Q: 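Have a look at the structure that comes next, please.
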2 protein chains.
Amino acid sequence: MKNKVKRFAAIQEIISTTVVGSQEELLQKLSEKGFELTQATLSRDLKQLKVSKTTNSQGEYIYQLPTRNLQDEGRTFGNDFPRSNAFLSIEFSGNIAVVHTRPGYASSLAYEIDETAKGTIIGTVAGEDTIIAVIKENKTAKDVTEALSKIIPSIK
Amino acid sequence: MKNKVKRFAAIQEIISTTVVGSQEELLQKLSEKGFELTQATLSRDLKQLKVSKTTNSQGEYIYQLPTRNLQDEGRTFGNDFPRSNAFLSIEFSGNIAVVHTRPGYASSLAYEIDETAKGTIIGTVAGEDTIIAVIKENKTAKDVTEALSKIIPSIK
DNA sequence: ATATTTTTTGCATAATTTTGCAGCGGTAAC
DNA sequence: GTTACCGCTGCAAAATTATGCAAAAAATAT
């Protein structure tokens with residue numbers, strides 16, 4: 001679900017910037033940001049994100065992100081073709097290309113794109129599941145798809 | 001109390017060398033080592049030791065000793081803004097719309113935008129307080145504001 | 001498209017964790 | 001010796017968190 005990716009981002013953002021002492025409290029803050037879910041789901045989210053509950057120096061309970069965020073979630077990453085796996089769609093508007101990816105794969109695919117399409121794309125920005133790429137002047141959408149077909153055969 | 005010191009050492013030794021999923025389980029192992037206490041006391045011990053409960057790579061719950069890095073808990077900035085207030089401004093340039101939000105609200109608002117303006121926006125990328133949205137070809141800024149007015153009435 | 005499989009979610013409840021309170025034992029001041 | 005205080009503990013209850021299950025939603029295959 002699309003929602004989950006952004007919800008994960010919101011959870012991480014909240015617990016890294018504020019003191020939250022319980023899941024109910026975190027739920028409340030998520031709700032204020034427009035994410036509606038139950039405590040059960042949040043518990044499962046925290047488990048997936050490997051968030052831990054611990055005590056800060058003031059003796060309050062707090063939630064903490066893992067020190068190194070390996071956010072793989074056990075998907076096939078290194079084995080197969082991660083690039084073609086990650087890719088979902090591409091769409092153009094003017095000098096911008098918007099690439100949608102599977103949740104969490106945007107930045108890795110953006111890296112591949114940067115490398116591969118240096119001649120036709122001047123830069124990319126990646127979110128969780130979306131990449132925005134700026135196309136070089138006097139290059140076309142066709143040039144982009146051609147360049148990207150090297151790493152994404154399915155792009156046609 | 002001397003007993004407590006030894007008990008603390010035993011707790012640290014156990015949770016750093018074995019997988020324990022609950023306090024009852026840890027209690028059991030402490031008992032095997034000759035420490036008799038109740039789960040209530042253990043809970044307080046763990047709080048003092050700043051032990052955290054988290055998830056390992058196998059998806060099991062485990063207890064974890066603190067890393068020496070005691071990271072401060074960061075700013076506790078406004079978390080009580082109503083959601084309608086997340087939006088601050090929107091500005092257009094060519095086929096790009098830039099939305100500013102209150103700090104931290106960008107990704108949740110981006111989610112709303114993705115959902116609401118599917119027909120006029122082909123993709124968004126969100127940072128902390130800024131969203132970049134790419135407008136579909138032959139759609140206009142007016143189309144965008146109209147679509148967004150559903151979720152942001154103040155957008156005019 | 002339709003069908004099948006997988007993932008996500010809420011509900012209700014179970015399991016676990018936290019805490020208020022009172023008692024105990026030790027210590028220091030009087 | 002008595003009193004006051006303080007940290008530690010268990011008990012019981014409250015609070016919080018985790019999960020089995022069924023339904024809904026998405027993803028994927030046909």
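Proteins come first, then strands; the chains are lettered A, B, ... in the order of their sequence lines, and each starts at number 1. Treat the numbers as computed from the prediction; the structure is a model and nothing was measured.
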Q: With sequence neighbours excluded, tell me which residues meet side chain to side chain contact (heavy atoms under 4.5 Å, CB included) with B:S52.
A: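 With sequence neighbours excluded, B:S52 shows a side chain to side chain contact (heavy atoms under 4.5 Å, CB included) to A:S52, A:T54, B:Q64, given in chain and number order.
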Q: Within the structure shown, what part of the strands sits under 4.0 Å from B:L42 by heavy-atom distance: base, sugar-phosphate, or nothing?
A: nothing
Q: I'd like to check the side chain to side chain contact (heavy atoms under 4.5 Å, CB included) partners of B:A133; sequence neighbours left out, ordered by chain and number.
A: B:A97, B:I121, B:T124
Q: Would B:S31 and B:E36 count as having a side-chain donor-acceptor pair, cut-off 3.5 Å?
A: yes
Q: Would the distance check show the side chain of A:S43 and the main-chain N or O of A:Q39 forming a donor-acceptor pair, the cut-off being under 3.5 Å?
A: no
Q: May I ask you to say what B:L46 touches in the nucleic acid, namely base, sugar-phosphate or nothing, with a heavy-atom cut-off under 4.0 Å?
A: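 Nothing: the residue B:L46, judged by heavy atoms under 4.0 Å, touches no strand.
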Q: In whole Å, I'd like the distance from the CG atom of A:L37 to the C1' atom of D:dA25.
A: 16 Å
Q: For A:Q28 and D:dA15, give me the distance from atom CD to atom C1', rounded to whole Å.
A: 17 Å
Q: Please give, in whole Å, the distance from C:dT16 P to A:Y61 OH?
A: 17 Å
Q: In whole Å, what is the span from the CD atom of A:Q39 to the C1' atom of C:dT8?
A: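 It works out to 16 Å between those atoms.
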Q: Got a donor-acceptor pair under 3.5 Å from the side chain of B:E24 to the base of C:dA15?
A: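 Side chain to base: no pair below 3.5 Å.
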Q: Go nucleotide by nucleotide along DNA chain D from the 5' end; which of A:K47 and B:D45 gets its closest nucleotide reached first?
A: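 Result: B:D45.
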Q: Name the residue closer to the 5' end of DNA chain D, choosing between B:K53 and B:Q48 according to the nucleotide with the nearest heavy atom.
A: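 Going by which nucleotide is closer to the 5' end, it is B:Q48.
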Q: Hey, is the side chain of A:T41 poking within less than 4.0 Å of OP1 or OP2 on C:dT9, counting only N and O atoms?
A: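 No, A:T41 has no side-chain N/O under 4.0 Å of OP1/OP2 on C:dT9.
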Q: Taking A:K47 for its side chain and B:T55 for its backbone only, find out whether a donor-acceptor pair lies under 3.5 Å.
A: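 Not a single qualifying donor-acceptor pair exists.
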Q: Under 4.0 Å between a side-chain N or O of A:T38 and OP1 or OP2 of C:dT9?
A: no
Q: Send over the distance from A:E60 CD to C:dT18 P, rounded to a whole Å.
A: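 In whole Å, C:dT18 P and A:E60 CD are 15 Å from each other.
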Q: Classify A:S22 by what it touches in the nucleic acid, base, sugar-phosphate, or nothing, heavy-atom distance under 4.0 Å.
A: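 Contact class for A:S22: sugar-phosphate only.
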Q: Take atom CZ of A:F8 and atom C1' of C:dT8, then tell me their distance rounded to the nearest Å.
A: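 Atom-to-atom, A:F8 to C:dT8, this comes out as 10 Å.
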Q: What is the distance, rounded to the nearest whole Å, between atom CD1 of A:I62 and atom P of D:dT17?
A: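 Value for this atom pair: 13 Å.
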Q: Measure the distance from CD on A:Q23 to C1' on C:dT9 and round it to the nearest whole Å.
A: 15 Å
Q: Hey, is B:K142 close enough to B:E146 for a salt bridge, meaning N to O under 4.0 Å?
A: yes
Q: All N/O contacts under 3.5 Å from nucleotides 20-24 of chain D to the protein, with atom names and distances to one decimal?
A:
from   : atom 1 : to    : atom 2 : distance (Å)
D:dG20 : O6     : A:R44 : NH1    : 3.3

Q: Is the backbone of B:V144 close enough, under 3.5 Å, to the side chain of B:T120 for a donor and an acceptor to pair up by distance?
A: no
